[in-house]
Amino acid sequence: MMKRFSIQLFAIISGVILVIASAGAHLGIIAPSLSAVIAILIVPVLLISVGLLFAARLTDGDIPFMGY
């Protein structure tokens with residue numbers, strides 16, 4: 001079972017990866033196609049983790065499963 005801190009960490013890391021990939025493509029550091037692939041792989045992680053954070057209670061209890 002995942003705790004709230006783990007979910008927050010997933011959300012923050014996936015958001016940072018998305019920003020870096022977008023900035024890298026905009027600045028010409030990485031190919032836009034590679035940035036698109038990264039976004040396609042990371043956006044579901046971000047959306048699920050943010051959804052779980054909204055579903056979580058403010059206590060440190062376990063977070064119930066949320067389907068994909």
Side-chain angles (χ1 to χ4, degrees):
M1 301 293 179
M2 302 185 94
K3 299 286 185 177
R4 186 172 174 85
F5 177 74
S6 300
I7 300 298
Q8 286 175 336
L9 194 61
F10 275 121
I12 291 168
I13 290 173
S14 60
V16 168
I17 290 172
L18 283 171
V19 168
I20 291 172
S22 176
H26 180 71
L27 296 174
I29 298 171
I30 63 174
S33 58
L34 179 60
S35 176
V37 169
I38 292 171
I40 289 168
L41 295 175
I42 298 296
V43 164
V45 174
L46 178 67
L47 293 177
I48 290 173
S49 60
V50 169
L52 285 173
L53 282 175
F54 282 126
R57 288 184 256 160
L58 297 177
T59 63
D60 286 335
D62 288 333
I63 298 171
F65 174 75
M66 182 177 105
Y68 181 66

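If you take CD1 on Ile48 and OG on Ser14, they are separated by 10.0 Å, rounding to the nearest 0.5 Å.
The shortest non-hydrogen separation linking Leu53 to Ala11 is CD1-CB, 4.2 Å.
The only option from Ile13, Leu47, Val37, Leu18 that meets the side chain to side chain contact (heavy atoms under 4.5 Å, CB included) definition with Ile42 turns out to be Leu18.
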Return all side-chain donor-acceptor pairs below 3.5 angstrom for residues 21-29, not counting sequence neighbours, or 'none' if the list is empty.
none

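Legend: residues meeting side-chain contact (heavy atoms from CB on, under 4.5 Å) with Ile20, ordered by chain and number and at least two apart, are Val16.
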